[in-house]
Amino acid sequence: MGKSACAFLFFLLFINSVFSWKKDEFRNCNQTPFCKRARSRQPGSCSLVAVDVSISDGDLVAKLISNENTENGEKAIKPLVLTISAYQDGIMRLKIDEDQSLGPRKKRFEVPDVIVPNLSNKKLWLQRLNEEVNEGGVVSVVYLSDGYEGVIRHEPFEISVRESGKNGKRVLSLNSNGLFDFEQLKDKKEENEEWEEKFRSHTDSRPYGPQSISFDVSFYEADFVYGIPEHATSLALKPTRGPGVEDSEPYRLFNLDVFEYVHDSPFGLYGSIPFMISHGKSRGSSGFFWLNAAEMQIDVLGPGWNNESSSYLRLPSDQKRVDTLWMSEAGVMDTFFFIGPGPKDVVRQYTTVTGTSALPQLFATAYHQCRWNYRDEEDVKNVDSKFDEHDIPYDVLWLDIEHTDGKKYFTWDQVLFPNPEEMQRNLADKGRRMVTIVDPHIKRDNSYYIHKEATEKGYYVKDSTGKDFDGWCWPGSSSYLDMVNPEIRSWWAHKFSCENYVGSTPTLYIWNDMNEPSVFNGPEVSMPRDALHYGDVEHRELHNAYGYYFHMATADGLVKRGDSKDRPFVLSRAFFPGTQRYGAVWTGDNTAEWDHLRVSVPMILTLGLTGISFSGADVGGFFGNPDTELLVRWYQLGAYYPFFRAHAHHDTKRREPWLFGERNTELIKEAIRVRYMLLPYFYTLFREANTTGVPVARPLWMEFPADEKTFSNDEAFMVGNSILVQGIFTERAKHVSVYLPGEQPWYDMKTGTAYEGGATHKWEVSEDSIPAFQRAGTIIPRKDRFRRSSTQMENDPYTLVIALNSSMAAEGELYVDDGKSFEFQQGAYIHRLFTFSNGKFTSSSVGPSTAGNNRVSSECTVERIILLGLSPAPKNALVEEANRKLDVELGPLLLRRGKGPSVLTIRKPDLQIAVDWTIKLF
């Protein structure tokens with residue numbers, strides 16, 4: 001057997017061995033030295049004292065020195081530099097790093113290009129430092145914002161945020177349990193175990209020795225903590241240490257290619273966001289963020305995890321709290337405290353630092369059809385035509401790695417896809433787009449122009465010896481572009497122009513997969529930690545951000561290509577804080593199981609809480625063959641995901657919507673049509689996420705922060721503030737319990753039937769839908785005419801559904817722009833506020849006046865107004881501006897074949913959506 005044949009056989013055997021969940025393929029905490037060390041530390045073990053506390057350049061600065069000596073009489077560690085900064089809207093930043101004036105010769109890595117540039121404009125210049133003595137010792141206090149102060153206790157060292165006043169209640173604190181530890185970089189002097197780290201057959205050098213950081217963070221008045229994706233587990237994070245918790249792993253943040261991941265596990269998956277949000281009934285919410293791209297492990301410490309620590313460290317006894325332990329392999333401490341007090345406040349504060357979600361093009365918010373792989377152009381044509389034959393709308397068709405010439409990205413298999421531009425134009429003629437996959441591994445083939453250029457320019461990540469790193473992925477032998485380097489990102493971006501990406505058109509968009517990065521023959525299926533990046537940064541220091549920079553460069557490439565300047569669409573599997581500024585993500589390689597359907601909800605909600613609003617899960621499950629009931633239920637739930645895509649592994653049976661019998665085809669079609677009907681509402685929510693950071697899909701407690709029954713409910717969720725969706729997660733379910741929070745009623749979106757708020761309802765399950773309710777007091781815009789794609793709906797009229805509360809009032813919004821360009825940033829949009837009160841329904845502008853602006857579709861009209869809960873029913877309606885009477889009728893809602901109570905409908909009011917008007921009912 002030849003050398004190449006042997007290599008290929010090895011490749012096949014290797015990928016078969018790693019492409020399933022095998023626990024021993026990945027490290028646990030005991031096999032991760034920094035995690036094991038940090039977990040072994042006892043409360044009160046921190047020996048650091050804050051000295052030289054002062055105000056300098058608008059910041060609080062101090063030094064942290066050790067009050068312990070080594071056997072040689074030297075201090076245990078060199079002094080550390082501490083800086084506290086304050087920003088508008090309740091944000092405090094704490095940085096701790098080594099004193100560069102004292103060495104070491106290498107600067108610790110600080111993650112660039114994540115914090116938004118304009119954050120510096122919101123800095124508050126601290127003016128005064130107050131010193132006081134309390135039962136905890138000497139503290140220094142600075143003003144943060146109205147009602148809140150930052151406090152540094154000198155000995156033992158501690159940082160906290162409290163309500164104003166000496167006896168103000170705490171909100172957040174760091175090192176209250178004395179677990180802070182900062183391992184300083186060293187120069188290698190002698191051979192010992194500090195200078196390398198082994199796992200299975202892999203050995204990573206550690207040229208500067210251990211460099212981990214760990215500390216405890218406490219959230220006061222909190223009932224639960226949430227966040228730190230990505231994990232396939234509950235929304236409310238479960239304790240990982242404490243009484244009753246045995247042999248539990250910390251929540252791991254380490255981007256990994258985990259094939260067939262298991263549900264209900266703290267194990268890290270494809271992305272990492274070290275941001276945690278707390279919530280409790282008595283105070284509300286607060287948040288903590290650590291900007292660090294190294295591997296991180298986080299413990300949630302259950303009540304009583306160490307009963308002696310509170311008295312030993314003089315912690316407040318009158319405030320309940322949730323304690324957490326944060327551990328990272330490398331980097332610096334660059335942390336942010338978010339005061340809240342509401343959950344939307346915390347998310348807004350976090351996205352003030354890392355950026356809000358990009359506004360996607362309208363087509364991207366519709367339905368996507370994907371498979372690994374559609375075989376050839378004929379397959380694409382047949383799938384596309386079948387959607388039309390069965391009258392099922394869709395917007396995007398996807399191609400996986402098999403469309404390329406030998407897994408060389410930016411190429412096409414000339415036999416299977418000889419006419420890619422024509423294929424894309426045929427889809428575009430129907431208002432549809434195509435997405436192709438572009439992964440970060442570059443095939444080491446000297447005839448491949450990308451590899452040739454990257455090699456000549458020195459653009460690859462290096463191994464520890466300084467040679468181009470060579471690992472195995474889909475093409476076999478591969479190298480990986482060093483996307484931390486801005487020059488390389490710019491070079492990469494230009495590869496997406498239609499001239500450079502031969503066979504592409506302006507309606508082609510991109511999918512970044514495997515960008516954790518995935519390396520089949522690397523440690524834990526990833527890159528060695530001692531690989532070297534731009535600026536001699538070790539991979540261990542920036543691992544979790546690698547995919548982020550790849551995503552950033554790809555999105556920039558789509559913005560720069562051609563003359564259209566349309567917004568990009570790039571889906572990424574790996575993610576990091578700031579990813580929301582560049583595109584969508586999904587929850588990775590899930591499985592066609594009911595448990596994976598269920599866990600998709602908390603996974604998507606957690607992503608939304610941590611800034612990434614545009615996310616979804618593979619509908620139907622990537623692995624395996626779902627039975628028809630599971631597939632239908634997944635479509636019914638997926639229609640409410642922010643990102644709605646069906647996807648499947650190439651070993652699964654084909655599962656396009658029309659392959660499961662006439663009845664199931666109708667059920668799937670109905671689910672997809674629900675999404676298209678609600679596209680105006682979803683697009684309005686995406687604009688809200690773009691301006692405020694508040695996610696599209698929300699936990700119930702984000703809208704009902706005082707309702708304790710919502711705090712651990714992650715089977716139901718809110719879409720915006722108006723729709724509550726309850727998934728069905730068990731096979732052959734006859735009934736499902738639905739909790740409807742609040743004091744106002746909820747209206748079944750299918751029938752219009754009202755249900756009492758603040759109560760749990762036993763819902764009789766039907767096959768044709770899952771429970772979905774409109775909240776009283778809201779107004780939802782819809783488009784009810786079904787087309788082939790969202791593009792063809794552009795000029796269709798609107799239906800407005802008004803769900804009245806007990807005061808006979810309601811409010812809602814509609815946002816409209818051209819659906820594709822950046823012109824909305826210059827005011828080219830329509831933003832309407834709808835209000836119903838005192839028998840009058842009013843439309844008014846909350847944005848610039850764009851009536852007649854040809855950049856915006858402003859000629860659309862309202863064709864129907866539906867009122868739920870109006871009593872008594874009026875007999876007449878009048879457009880006040882024109883003194884024109886309208887047709888009013890009572891009848892069943894008849895939405896999605898449902899029947900219920902009579903509702904009032906105003907038909908054909910023929911009112912332009914972009915102008916002010918008032919309808920009076922009498």
Legend entry - Closest heavy-atom pair and its distance - L253, E230: CD2-N, 4.1 Å

Inset, instruction - Using atom types as modelled and distance alone, determine if a side-chain donor or acceptor of D618 lies under 3.5 Å from a backbone N or O of F622. - result: no

Legend entry - Charged N-O contact under 4.0 Å between R37 and D181: no

Inset, instruction - Would you check if there is a donor-acceptor pair between the side chains of H451 and Y460 at a distance under 3.5 Å? - result: yes

Inset, instruction - Scan side-chain atoms only and decide if S477 and D470 contain a donor-acceptor pair under the 3.5 Å cut-off. - result: yes

Inset, instruction - Given salt bridge (charged side-chain N to carboxylate O under 4.0 Å, His left out), test R252 with E524 step by step and report yes or no. - result: CA-CA 13 Å; R252 190 183 191 193; E524 299 191 275; 2.8 Å; yes

Legend entry - Partner of R529 under salt bridge (Lys or Arg N to Asp or Glu O under 4.0 Å), chosen from E538, E329, E541: E329

Legend entry - Donor-acceptor under 3.5 Å (T591 side chain, E593 main chain): no

Legend entry - Side-chain ion pair, D530 and R540, N-O less than 4.0 Å: no

Inset, instruction - Cation-pi check, R573 to W511: give yes when NZ or CZ is under 6.0 Å from the six-membered ring centre and within 45° of the ring axis, no otherwise. - result: no

Legend entry - No-hydrogen, no-angle side-chain donor-acceptor test under 3.5 Å, Y459 and D482: no

Legend entry - Side-chain donor-acceptor pair present, D257, S518, cut-off under 3.5 Å: yes

Legend entry - Atom OH of Y534 with >12 non-hydrogen neighbours under 6.0 angstrom: no

Inset, instruction - Mark yes or no for whether H202, through its side chain, and K198, through its backbone, hold a donor-acceptor pair below 3.5 Å. - result: no

Inset, instruction - Ignoring hydrogens and angles, state whether a donor on the side chain of Y548 or R581 is under 3.5 Å from an acceptor on the partner side chain. - result: yes

Legend entry - Exercise: do S272 and N255 side chains pair donor with acceptor under 3.5 Å: yes

Inset, instruction - Establish, from distance only, whether the side-chain atoms of N515 and S572 form a donor-acceptor pair under 3.5 Å. - result: yes

Inset, instruction - Go through the side-chain N and O atoms of S497 and R561 and say whether any donor and acceptor fall under 3.5 Å apart. - result: no

Inset, instruction - Provide the closest heavy-atom pair for C473 versus M514 in the form atom of the first, atom of the second, distance. - result: SG-CE, 3.9 Å

Legend entry - Backbone of A454 reached by a side-chain donor or acceptor of W491 within 3.5 Å: no

Inset, instruction - Quick one: closest heavy-atom pair of D413 and E402, and the distance? - result: CB-O, 4.5 Å

Legend entry - Residue pair I437 / Y409: nearest heavy atoms and the distance that separates them: O-CD2, 3.5 Å

Inset, instruction - Inspect the contact between K107 and E98 and indicate whether a charged nitrogen and a carboxylate oxygen are less than 4.0 angstrom apart. - result: no

Inset, instruction - Measure from the ring center of Y549 to the ring center of F576 and say whether it is less than 6.0 Å. - result: no

Legend entry - Donor-acceptor side-chain pairing of N625 and T652 below 3.5 angstrom: no

Legend entry - Residues E656 and R654 bridged, charged N to O under 4.0 Å: yes

Inset, instruction - Return yes if some donor-acceptor pair links the side-chain N/O of H403 with the main-chain N/O of F417 below 3.5 Å, else return no. - result: no

Inset, instruction - Give a yes or no on whether the ring-centroid distance for F410 and F496 is below 6.0 angstrom. - result: yes

Legend entry - Partner residues of C370 under the disulfide bond (SG atoms under 2.5 Å apart) criterion, sequence neighbours left out: none

Inset, instruction - May I ask you to decide if C29's main-chain N or O and R39's side chain share a donor-acceptor pair within less than 3.5 Å? - result: no

Legend entry - Under 3.5 Å: donor-acceptor pair, side chain of N544, backbone of A294: yes

Inset, instruction - Going by the side-chain contact (heavy atoms from CB on, under 4.5 Å) test, name the single residue among H441, H539, M483 that passes it with P517. - result: H539

Legend entry - Whether T610 side chain and T606 backbone form a donor-acceptor pair below 3.5 Å: yes

Legend entry - Electrostatic pair E110-R108, nearest N-O below 4.0 angstrom: no

Legend entry - From F643, Y582, W586, F644, residue fulfilling ring-ring contact (aromatic ring centres under 6.0 Å, His included) relative to F614: F643

Inset, instruction - Compare every heavy atom of S212 with every heavy atom of F34, then report the nearest pair and how far apart it is. - result: CB-CB, 3.5 Å

Inset, instruction - Give a yes-or-no answer on whether the side chains of Q580 and T354 include a donor-acceptor pair shorter than 3.5 Å. - result: yes

Inset, instruction - Ignoring hydrogens and angles, state whether a donor on the side chain of W326 or Q297 is under 3.5 Å from an acceptor on the partner side chain. - result: no

Inset, instruction - Verify, without hydrogens or angle tests, whether S478 (side chain) and G476 (backbone) share a donor-acceptor contact under 3.5 angstrom. - result: yes

Legend entry - Heavy atoms of other groups near D536 CG, more than 12 under 6.0 Å: no

Legend entry - Ion pair R371/D400, N-O distance below 4.0 Å: no

Legend entry - Donor-acceptor side-chain pairing of W492 and T554 below 3.5 angstrom: yes

Legend entry - Any side-chain donor near an acceptor of the partner, Y501 and T436, under 3.5 Å: yes

Inset, instruction - Would you please say whether a donor-acceptor pair under 3.5 Å links the side chains of W398 and H368? - result: yes

Legend entry - Ion pair check, R27 and E197, cut-off under 4.0 Å: yes

Legend entry - Ion pair check, K443 and D405, cut-off under 4.0 Å: no

Inset, instruction - Specify the closest pair of heavy atoms between Y251 and I228, including all atoms of both residues, with the distance to one decimal. - result: CB-CD1, 3.7 Å

